[in-house]
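Here's the structure, in structure tokens; my notes come after.
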Amino acid sequence: MVEHDALSTTREAYDAAATTYAQLFRDTLRDSPLDRAILGAFAEVVRASGDGQVADVGCGPGHVTAYLDELRLTAFGVDASPAMIKLARQAYPRLRFDVGSMAALDIADGMLGGLLSRWSIIHTPPRELPVILAEFHRVLAPGGHLLVGFSASDDPSHPTQAFDHTVAPAYRWWPDHLAATLRASGLAEVARMVRQPQPTDRRQFQEIQLLARKA
């Protein structure tokens with residue numbers, strides 16, 4: 001079971017920062033062609049594998065869930081922060097948003113054609129990550145796809161590293177290590193996108209988007 005203290009700390013921190021976070025990030029996809037491209041590819045493989053519902057887990061204020069809807073996916077959002085879910089419902093009243101934990105999703109076994117996790121695993125203590133990935137595997141249908149975004153650690157000798165996230169304690173992973181952890185959870189890597197940091201970025205971390213498939 002994922003540590004209660006870590007979940008509580010993250011939820012409370014995002015509740016406090018929800019309004020500011022929504023203002024800062026609601027238009028980020030507009031200026032991120034690479035992110036739009038990988039989300040578009042995710043949408044295509046989900047539809048090609050039989051469609052099905054898609055959960056945006058760690059959806060925050062809902063802007064990415066809304067983009068998945070624009071891509072003709074039957075998408076809904078889940079977030080541990082009630083304040084984030086309130087903002088998402090206000091901004092996108094036509095879509096579904098639920099308060100919930102990644103470690104215990106209120107979703108039936110094998111229901112989803114796809115699951116999106118954009119930087120939502122970064123606040124999970126590394127030793128607890130397999131619990132989250134097992135839950136992702138449980139709710140995906142056979143052939144369903146997971147797209148997970150995260151920041152990379154600096155070298156393979158440090159498979160996980162803590163970093164000074166503004167909102168809550170956070171971790172980054174060496175991509176091959178995370179891919180192996182996915183594989184151990186029954187989720188095989190299909191592709192990955194690596195984005196190099198720009199000179200103006202506050203943190204000089206590689207950003208990874210890793211696409212995996214449930215056998």
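Remember, it's a predicted structure, so these values are computed and weren't measured experimentally. We count residues from 1, following the sequence as given.
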List for me each residue that meets side-chain contact (heavy atoms from CB on, under 4.5 Å) alongside Ser101, sequence neighbours excluded, and say none if there are none.
Leu7, Ala103
State the CE-NE2 distance between Met102 and His123, to the nearest 0.5 angstrom.
8.5 Å
Smallest heavy-atom separation, Gly77 atom then Thr65 atom, equals N-CG2, 3.7 Å
Stepwise side-chain contact (heavy atoms from CB on, under 4.5 Å) test for Val148 and Phe136
CA-CA 11 Å; Val148 58; Phe136 290 174; 5.6 Å; no
Pairs where residues 71-91 contributes a residue and the test salt bridge (charged side-chain N to carboxylate O under 4.0 Å, His left out) is met, not counting sequence neighbours
none
Within-4.5 Å side-chain heavy-atom neighbours: Arg11 and Pro82:
yes
Separation between CG (Asp69) and CG (Asp56), nearest 0.5 Å, reads 11.5 Å
Evaluate Ile132 against Val57 for side-chain contact (heavy atoms from CB on, under 4.5 Å), listing each step before the verdict.
CA-CA 11 Å; Ile132 303 297; Val57 178; over 6 Å; no
Set of side-chain contact (heavy atoms from CB on, under 4.5 Å) partners for Thr20, sequence neighbours left out
Leu24
Under the salt bridge (charged side-chain N to carboxylate O under 4.0 Å, His left out) definition, can you give me all pairs with a residue in residues 131-155, not counting sequence neighbours?
Asp109-Arg138, Glu135-Arg138, Asp154-Arg172
Between atom CD1 of Ile107 and atom CG of Leu112, what is the distance when rounded to the nearest 0.5 Å?
4.5 Å
So which heavy atom on Gly60 is nearest to which on Ala88, and how close?
O-CB, 3.9 Å
For Leu140 versus Gly113, what's the shortest heavy-atom pair and its separation?
CD2-C, 4.2 Å
Across all chains, not counting sequence neighbours, the side-chain contact (heavy atoms from CB on, under 4.5 Å) partners of Thr28 are Phe25, His63
When you look at Leu211 and Phe42, which way does the side-chain contact (heavy atoms from CB on, under 4.5 Å) test go after all the steps?
CA-CA 8 Å; Leu211 181 66; Phe42 172 68; 3.9 Å; yes
If you take all heavy atoms of Trp173 and Phe150, which pair is closest and at what distance?
O-CE1, 3.7 Å
May I have the list of side-chain donor-acceptor pairs in residues 184-192 shorter than 3.5 Å, sequence neighbours left out?
| from | atom 1 | to | atom 2 | distance (Å) |
| --- | --- | --- | --- | --- |
| Ser185 | OG | Thr181 | O | 3.1 |
| Glu189 | OE1 | Arg192 | NH2 | 3.0 |
| Glu189 | OE2 | Arg192 | NE | 2.7 |
| Glu189 | OE2 | Arg192 | NH2 | 3.3 |
| Arg192 | NH1 | Asp176 | OD1 | 3.0 |
| Arg192 | NH2 | Asp176 | OD1 | 3.0 |

Report the residues that fulfil ring pair (Phe, Tyr, Trp, His ring centres under 6.0 Å) with Tyr67, sequence neighbours left out, ordered by chain and then residue number.
none
Nonpolar side-chain network containing Leu95, other nodes, edges under 4.5 Å:
Ile85, Tyr92, Phe97, Val99
So, taking the atom named CG in Leu147 and the one named CG in Leu210, what distance separates them when rounded to the nearest 0.5 Å?
8.0 Å
Using only atom types and a distance under 3.5 Å, with no angle test, would you say the side chain of Asp15 pairs donor to acceptor with the backbone of Ala83?
yes
For Arg96, side-chain contact (heavy atoms from CB on, under 4.5 Å) partners two or more places apart
Gln53, Phe76, Asp98
Hey, could you give me each pair passing salt bridge (charged side-chain N to carboxylate O under 4.0 Å, His left out) that has a residue in residues 205-215? Not counting sequence neighbours.
Arg195-Glu207
Can you check side-chain contact (heavy atoms from CB on, under 4.5 Å) on Asp106 and Val78, steps first, answer last?
CA-CA 9 Å; Asp106 188 17; Val78 180; over 6 Å; no
How many angstroms lie between atom OH of Tyr171 and atom OG of Ser151, to the nearest 0.5 angstrom?
14.0 Å
For residues 185-215, which residue pairs qualify under ring-ring contact (aromatic ring centres under 6.0 Å, His included), counting only residues two or more places apart or in two chains?
Phe163-Phe205
Under the rule for side-chain hydrogen bond (donor to acceptor under 3.5 Å, both in side chains), what residues qualify as partners of Ser117, not counting sequence neighbours?
Ser120
Just verifying a value: how many Å separate Leu39 CG and Arg118 CZ, rounded to the nearest 0.5 Å?
5.5 Å
Glu12 side chain vs Thr10 backbone, donor-acceptor pair below 3.5 Å
no
Does Gln161 offer a backbone N or O that forms a donor-acceptor pair with the side chain of Ser153 under 3.5 Å?
no
